[in-house]
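Read through the structure below, which is laid out as structure tokens, and then see the notes.
All figures in this text were calculated on a predicted structure; none of them were measured in a lab.
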Amino acid sequence: MKVLIAGGAGYIGSTIASACSDAGITPVVLDNLVTGRREFARGRAFHEGDIADGPLIDRIFAEHPDIDAVVHCAALIVVPDSVADPVGYYRANVAKSLEFAGHLLRNGCTRMIFSSSASIYSAGADLTVDEDSPVDPQSPYARTKAVCEAMFADIAATQPLRVLSLRYFNPVGADPKLRTGLQLRRPSHALGKMIQAWEEGVPFQVTGTGYPTRDGSGIRDYVHVWDLAAAHVAALGAFDTVLPAAGSLAVNLGTGTGTTVRELLDAFNQVVDTPVSSVDAGARPGDAAGAYTRSDRAERLLGWRPRHSLAEGIRHSLEWAAVREDVLGGPA
């Protein structure tokens, strides 16, 4: 099997590429390197460019006529940035995805796995969700994912492109072999900020403390990025069984365990030698209380369930942070 991974030089896309390679699936990487890293595509068939570039997509399929499926990970993903620049986010995530879909149809591609997000959900009072929960995205970033899902569903209803949307919860960790990890030296999510505070010997800021959770901090379903990658390998293998005919389907990828930010800090402090203290701060623009999955659809349909613990995710994140600059050749 050969798979085109759009956004395959980013954090999640490159990890999926490694998991595919380990499973005997040949990845072909497409990335415009706006946030991805060329180093993450080393040793793989790599095309630098944009998903909206029709001639480039045509050339990729001409050079690789045996591509069996596409994994679409290409997107901007930082919630506060989407609040500040909604035009840029809708252009990158929605408009270009529409162009990409047209290019895939023209080239006879019939299978797409779309990297969606659990941030599209409106969580119930217990903060759990399944694939049938109401959709009510709370940031421009989340809305771009919801719009893309609806757009792809409309396309898949009448066109030969079938779409499996995998709704990620909150990825943590790195490739356990440390081939790839978070490309940013200073990531904006909670664990990244925690590692930064630990490295600098300063308190970690708990952003948002008035949420309806057990301790007031936001709640997330932290899933190891290697488990996410394994889910894509499983989805590629099960694609024709899950979607034998025209249409689309969504599947949650989470652990089923909700962890608050304060609990994440407690887990972090159990892994490191020097504990990190915390201070309370206001919520960031676009942030929401969060949610975690109660669905078993991924296990039923894909035969997938997460294998790595939160502690392993924290440990692998720390191990990656220690080697990141050696792998990537300097800060970014």
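Between the side chains of Arg42 and Ser14, not a single donor N or O lies within less than 3.5 Å of an accepting N or O. Remark: the Asp175 side chain and the Thr15 side chain contain no N/O donor-acceptor pair separated by less than 3.5 Å. Judged purely by distance below 3.5 Å, without hydrogens or angles, the side chains of Thr260 and Asp215 pair a donor atom with an acceptor atom.
Looking at Asp22 and Val233, their side chains never come closer than 4.5 Å, going by heavy atoms from C-beta outward. Taking 4.5 Å as the limit, every side-chain heavy atom of Leu182 sits out of range of all side-chain heavy atoms of Arg324. Looking at heavy atoms from C-beta onward, Tyr292 lies in side-chain contact with Ile219 at the 4.5 angstrom threshold. Residues His316 and Trp226 are not in side-chain contact: their nearest non-hydrogen atoms beyond the backbone lie 4.5 Å or more apart. Contact annotation: the side chain of Tyr90 never approaches that of Asn93 to less than 4.5 Å [non-hydrogen atoms, C-beta and beyond]. No side-chain heavy atom of Arg143 sits under 4.5 Å from any side-chain heavy atom of Tyr89. Residues Leu127 and Thr213 meet the side-chain proximity criterion, which asks for heavy atoms closer than 4.5 Å. Tyr168 is not listed as a side-chain neighbour of Val223, based on a closest heavy-atom distance of 4.5 Å or more.
Nearest heavy-atom pair, Gly10 versus Phe40, reported as atom, atom and distance to 0.1 Å: O-CD1, 3.9 Å. Ala9 approaches Leu33 most closely through the heavy-atom pair CB-CD2, 4.0 Å. Nearest heavy-atom pair across Tyr141 and Leu76 is CD1-O, 3.4 Å. Taking each heavy atom of Ala146 and Val135 in turn, the nearest pair found is CB-CG1, 4.1 Å.
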- Worked check of side chain to side chain contact (heavy atoms under 4.5 Å, CB included) between Phe46 and Arg38: CA-CA 9 Å; Phe46 173 55; Arg38 188 181 303 275; 3.7 Å; yes
- Show the numbers, then the answer: is there a side chain to side chain contact (heavy atoms under 4.5 Å, CB included) between Arg214 and Glu263? CA-CA 10 Å; Arg214 49 187 167 264; Glu263 290 166 349; 2.6 Å; yes
- Task: Evaluate salt bridge (charged side-chain N to carboxylate O under 4.0 Å, His left out) for Arg262 paired with Asp280, printing each intermediate quantity in order.
- Result: CA-CA 10 Å; Arg262 296 192 196 279; Asp280 293 351; 3.2 Å; yes
- Message: Set out, in order, the CA-CA distance, both residues' side-chain angles and the distance that settles side chain to side chain contact (heavy atoms under 4.5 Å, CB included) for Asp130 and Ser133, then state yes or no.
- Response: CA-CA 5 Å; Asp130 61 25; Ser133 293; 3.4 Å; yes
- Task: Using the side chain to side chain contact (heavy atoms under 4.5 Å, CB included) rule, take Leu236 and Met1 through it: C-alpha gap first, then chi angles, then the decisive distance, then the call.
- Result: CA-CA 9 Å; Leu236 288 166; Met1 177 179 277; 3.9 Å; yes
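Heavy-atom contacts from other residues, nucleotides or ligands closer than 6.0 Å to CZ of Arg305 number 12 or fewer. Residue Arg300 qualifies as enclosed at atom CZ: its count of foreign heavy atoms under 6.0 Å is above 12. Counting heavy-atom neighbours within 6.0 Å of Gln205 CD, excluding the residue itself, gives a total of 12 or less.
The distance from atom CZ of Arg37 to atom CD of Gln183, rounded to the nearest 0.5 Å, is 8.0 Å. Residue His232 holds its NE2 atom at 11.5 Å from CZ of Phe239, rounded to the nearest 0.5 Å. With rounding to the nearest 0.5 Å, the separation of CG in Asn252 from OG in Ser117 is 10.0 Å. Rounding to the nearest 0.5 Å places CZ of Arg284 at 9.5 Å from CG of Asp81. Taking CG of Leu104 as the reference point, atom OG1 of Thr110 lies at 10.0 Å (rounded to 0.5 Å). Taking OG of Ser165 as the start and CG of Leu249 as the end, the distance is 8.5 Å to the nearest 0.5 Å.
Residue Leu264 belongs to a hydrophobic cluster whose other members are Val172, Leu191, Met194, Ile195, Trp198, Phe204, Val206, Tyr222, Val261, Leu265, Phe268, Val271, Val272, Val276, Leu310, Ile314, Leu318, with links defined by side-chain heavy atoms closer than 4.5 Å.
Hydrophobic clustering (side-chain heavy atoms under 4.5 Å, transitive across Ile, Leu, Val, Met, Phe, Trp, Tyr) groups Leu30 together with Leu105. Grouping the Ile, Leu, Val, Met, Phe, Trp and Tyr side chains by contacts below 4.5 angstrom, directly or via other members, places Leu164 apart from Phe152. A continuous path of ILVMFWY side-chain contacts below 4.5 Å connects Ile113 to Tyr11, so both sit in one hydrophobic cluster. By the criterion of side-chain heavy atoms lying less than 4.5 angstrom apart, applied directly or through intervening Ile, Leu, Val, Met, Phe, Trp or Tyr residues, Ile67 is not grouped with Ile25; the two fall into different hydrophobic clusters.
For residues 145-161, every residue pair satisfying the salt bridge (Lys or Arg N to Asp or Glu O under 4.0 Å) rule, not counting sequence neighbours, is listed here: Glu149-Arg167.
At least one donor-acceptor pair under 3.5 Å links the side chain of Arg220 to the backbone N or O of Ala289. Within the 3.5 Å criterion, the main-chain N or O of Arg307 finds a donor-acceptor partner in the side chain of Asp227.
By the 30° and 60° cut-offs, the orientation of the rings of His72 relative to Phe114 is tilted.
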